[in-house]
Amino acid sequence: MSTTIPYADRAERLTGSIIDSSTSLLAAQTHDIVRFAMGSPADEAVPLAEFREIAAGQLGYPSFAYGATEGEPQLLDALVDFLSDTPEATTHDRITITAGGMQGLDLSCKIFVDPGDLVIVESPTYTNGSATAASYGAELLEAPIDDDGLIVEALPDLVEQAGRTPKAIYVIPNFQNPSGTTLSAARRELLLELAHRWNAVIIDDDPYGMLRFSGDDLPGFQELSPNDPLLFSVRTFSKIVAPGLRVGWVDTDPAIRQLVINAKQAMDTCTNVPAQQLVAEFIRRGGFSEHLQTIRSTYLERKMAMTESIRHHLGDRVRITDPDGGFFLWLTLQGPDAATSTSALFESALADGVAFIPGPALSPSGRFDDSLRLCFASSTPQRIDEGIRRLTVALDRALTNRALTNGARA
Ligand SMILES: Cc1ncc(COP(=O)(O)O)c(C=O)c1O
């Protein structure tokens with residue numbers, strides 16, 4: 001019997017994530033690998049002892065019943081209270097707890113993106129985010145970035161060439177994934193101005209903003225434009241507490257919040273209750289600021305270690321970004337190495353015991369085959385040096401193989 005499976009049109013747009021599939025790929029490897037691929041926090045940054053204590057003492061039956069869609073009251077209270085001392089101060093009528101940042105992105109696209117809508121994304125970008133917009137039928141407009149983040153001044157021309165205005169602008173303003181760059185204050189202001197000119201929503205995805213380890217904080221979109229209904233802010237505990245909890249939040253105009261809750265009800269009814277209670281109690285105990293302080297200095301040390309190691313092993317064969325926070329730096333091959341395909345390099349580097357994300361996996365149209373993303377957060381300085389040494393071995397081999405192939409052709 002031959003059966004045609006009656007897929008929705010949307011099924012074609014569910015392309016999967018190379019970033020996420022690297023988790024399964026790496027889990028299946030049995031040899032020693034230095035893992036620069038996933039954007040995971042340091043193992044020791046996860047407050048395991050506190051979680052064990054909280055779970056033993058506080059998780060009872062109600063923790064395992066359905067919870068409220070908008071989030072557990074104790075987490076909403078703890079979060080609003082914690083944020084009140086930060087530039088992201090907010091109110092209960094703006095916050096909805098989500099299953100991590102990804103669900104926040106899905107909610108934003110579900111609410112704002114119709115098939116055929118133009119959505120501006122950074123190039124390179126976090127392609128799980130751009131893929132979410134694409135899954136709702138968005139047409140993606142990839143806009144270039146430089147050391148100050150998205151080149152906002154370039155957007156009017158790009159939009160004119162596209163022949164229509166965007167419905168949404170997806171931006172990662174701080175220590176961007178994958179480049180590590182931060183959107184300058186002037187560009188934040190200009191982006192707000194353009195969003196209002198075009199009546200486009202800014203999907204402000206900022207998982208790393210609390211992880212600044214050098215330089216000065218820049219004003220966030222909510223600070224620059226308070227109570228702006230065009231701002232949809234996506235946040236997560238994944239990078240600052242633990243990613244496996246799957247707990248995040250969105251901060252939206254109160255007029256939108258009921259729609260967010262309705263949309264979430266059609267997805268998963270409520271977010272994992274025990275996970276929310278772990279986070280709520282962890283924050284309520286008051287050690288969260290110190291925890292952030294500690295992990296910031298860990299990540300600064302690791303970024304320095306990676307930068308030094310790259311300078312030592314690779315020198316001017318590569319150009320790297322210099323993030324002031326977050327998890328990632330972006331490496332672009334220079335000179336003769338620039339002809340090495342990082343997609344092709346991935347497999348041989350894996351065999352050599354080092355994993356990274358090749359550039360094309362971070363662009364919806366597969367650009368940046370001369371670049372790659374490195375996560376410095378998850379490995380100790382010693383392991384970082386070993387990983388960069390292995391990457392150098394893989395790059396050397398690619399160069400030698402190309403020279404041999406070219407020699408044989410000549
Ligand atoms: C920019 C960006 N947005 C969203 C996410 C997803 O966060 P979560 O794991 O909480 O879903 C990530 C995770 O890597 C990210 O880097």
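When a ligand or atom number is given, it counts from 1 through the structure's own listing order. Everything numeric in this text was worked out from a predicted model, so none of it was measured. Every heavy atom of this structure was used, including side-chain atoms; hydrogens, water molecules and symmetry mates were not.
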Donor-acceptor pairs under 3.5 angstrom involving side-chain atoms of residues 54-74: please list them, not counting sequence neighbours.
from : atom 1 : to   : atom 2 : distance (Å)
Q58  : NE2    : E281 : OE2    : 3.3
S63  : OG     : G60  : N      : 3.2
S63  : OG     : G60  : O      : 3.1
S63  : OG     : Q277 : OE1    : 2.6
T69  : OG1    : Q265 : NE2    : 3.1
T69  : OG1    : T269 : O      : 2.7

Tell me whether the rings of F112 and F232 are parallel (<30°), tilted (30 to 60°) or perpendicular (>60°).
perpendicular
Please list, chain by chain and in numerical order, all residues satisfying side-chain hydrogen bond (donor to acceptor under 3.5 Å, both in side chains) with D337, sequence neighbours excluded.
R317
Which donor-acceptor pairs under 3.5 Å do side chains of residues 324-336 form with protein atoms, sequence neighbours excluded?
from : atom 1 : to   : atom 2 : distance (Å)
D324 : OD1    : S214 : OG     : 2.6
T332 : OG1    : S371 : OG     : 3.2
Q334 : NE2    : T332 : O      : 3.4

Listing by chain and number, which residues have a heavy atom under 4.0 Å from ligand 1?
G100, G101, M102, Y126, I172, N177, D205, P207, Y208, T236, S238, K239, R246
Take atom CZ of R285 as the centre, draw a 6.0 Å sphere, and report whether it contains more than 12 heavy atoms from other residues, nucleotides or ligands.
yes
Tell me whether R187 is salt-bridged to D146, with the criterion being a basic N under 4.0 Å from an acidic carboxylate O.
yes
